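Report on the structure given below.
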Amino acid sequence: MNKYKSDFIKTVTERGYLHQCTDIDALDDRAKSGIVSAYIGFDCTAPSLHVGSLLPIMMLRILQQSGHKPIVLMGGGTTMVGDPSGKDESRQLLDEKAINSNMESIKEIFSRFLKFGDGPTDAVMINNADWLTELNYIEFLRDYGKHFSVNRMLSFDSVKLRLEREQTLSFLEFNYMILQAYDFLELNRRTNCVLQMGGSDQWGNIVNGVELTRRVDAKEAFGLTTPLLTTSSGAKMGKTAAGAVWLNADMLSPYDYWQYWRNTEDGDVVRFLKLFTDLSLEEISELEKLSGAEINEAKKKLAFEATRMAHGIDAANGAAETAKQTFEEGKLGDDLPSFDIPRSDLESGIQAFDALCRAGLCSSNGEARRLIKGGGGRVNDKQIKSETETITVSDLNPDGVIKLSSGKKRHALLRAV
RNA sequence: GGAGGGAUGCCCGAGUGGCUAAAGGGGGCGGGCUGUAAACCCGCUGGCUCACGCCUACGUAGGUUCGAAUCCUACUCCCUCCA
């Protein structure tokens, strides 16, 4: 059985969230005896987070569910500097306006995974620009700079990799870890936060924060990281035909989000069920018994649960229903992307490649033509034989729509208006 | 500040006057096999027309030439070494 005493550490270890921890036994004791405040920092480089950030988000959710307090730290200040971890090259710096607008859009996501409020275990959101932009250079160097050894900083992976590859690491980026470490100290002082979590690539940054807090304020602090997630065939998580798997519905529809999870590789299903759903371990071990084509049932469950969490139960049901109708019954689902087309255009007839473009399935006429030549274009599930085949009102089904497909998985509807 | 080296399509990376819309790989898309999986095999992978053809593209701006990604000039950015 599990040797840990606290619900939090038990869950984290049992479900596969743990990669490294600075002192897991001591943290276990802390979590057993009272409320632990923990934070994870999030970047504001894009207007939405994608699946790659889901693991840290789930971590905060587990934390809250096991009776502790999650802190979402928005990197309003650190995004201005740019984290060199895992980056081959310096990243484009964003101005304050872009960062703030990204932050606004990211905020929505968290409200679906965490409960915010003023209670003892309610989540809070804090922006590190609140203190980072106020820093006085000389004062900061004197008070905190003395606690960092450059020798040591050079030994961290994020720095070492750049140096080994002889790629520039600007002094600005070199300071990122100091600022992140300072975040921890500041949060510890402001909110009594004792734990920083993050992806395994953040280990170096996290350890720095833990040490700084110990050194400056002689306070105990912990760090904990989640494993780097790849699919069992080794690919990074979060890419599909349509691009990144965003968590905001306006950047990726709940239907596509559902599809992303539905298409999980066999070998990943159980692992993902543990990491990305609220299902109990008992329920998951039932699903684990499925084999062969039955695994698809587990995938549907995974897709449903994941979508429900990110987009709500209605969206999850809608996506599941649409997928069922589309793939299993050969009918049309309501959640398929649909595009209006003037009825008059149909009356005079439009060419097949043009229709595919209008339906958003192809980005250029050439691409549509190639698709058709390759045999991947369909009108109402019938393969399009020629690029110049025309589509007319006679292709409308009784509901007044035409179903277009690119390959077997991507579908869209054209609606005559 | 001085001396060299570099900048190629989504990414990596060949190409040093015409045969280059640009090798090769990755990624992506489609087809086949399947279970809306993986692995594997095949095809496609700048735009417009798709039959020829036209346009855009090899850091930016000019120039030489019948013809340039390839030669020349200036500029921008990057790297290495020296001070």
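A quick note: this is a predicted structure, and the numbers were derived from the prediction, not measured. Just so we're on the same page: letters track the sequence lines, and every chain starts at 1.
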Pairwise [atom1] distance, [M] and [N] [rounded to whole Å]:
N: B/rC55; M: B/rG67; atom1: P; answer: 15 Å
N: B/rC12; M: B/rA23; atom1: C1'; answer: 14 Å
N: B/rU34; M: B/rG27; atom1: C1'; answer: 24 Å

Fill in: Sorted by number, the residues of residues 298-313 of chain A with heavy-atom contact under 4.0 Å to RNA chain B
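Result for residues 298-313 of chain A: A/K299, sorted by number.
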
Does [X] place a side-chain N or O at less than 4.0 Å from the phosphate oxygens OP1/OP2 of [N]?
X: A/R370; N: B/rG47; answer: yes
X: A/S364; N: B/rG47; answer: yes
X: A/K409; N: B/rA37; answer: yes

Worksheet item: Can you find an N or O donor on one side and an acceptor on the other, under 3.5 Å apart, linking the side chain of A/Q259 with the base of B/rU36?
Response: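 Answer yes: a donor N or O sits under 3.5 Å from an acceptor.
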
Item to complete: Check whether the side chain of A/N365 and the base of B/rG47 form a donor-acceptor pair under 3.5 Å.
Response: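 No such pair is found, so the answer is no.
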
Worksheet item: Of the nucleotides B/rG32, B/rG35, B/rG30, which has the atom closest to the A/S406 side chain?
Response: B/rG30

Item to complete: Taking A/D335 for its side chain and A/T322 for its backbone only, find out whether a donor-acceptor pair lies under 3.5 Å.
Response: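 No, because the side chain of A/D335 does not come within donor-acceptor range (under 3.5 Å) of the backbone of A/T322.
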
Show which side-chain atoms of residues 349-356 of chain A pair as donor or acceptor with protein atoms under 3.5 Å away, not counting sequence neighbours.
residue	atom	partner	partner atom	Å
A/D354	OD2	A/R358	NH2	3.4

Worksheet item: With distance as the sole criterion, is a donor-acceptor pair present between the side chains of A/S253 and A/D256 under 3.5 Å?
Response: yes

Worksheet item: Do we see a donor-acceptor contact under 3.5 Å between the side chains of A/R262 and A/N296?
Response: yes

Worksheet item: Can the ring centres of A/H411 and A/Y255 be said to be less than 6.0 Å apart?
Response: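 Centroid distance A/H411-A/Y255: not below 6.0 Å, so no.
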
Worksheet item: Angle class for the A/Y144/A/F140 ring planes (parallel below 30°, perpendicular above 60°, tilted otherwise)?
Response: tilted

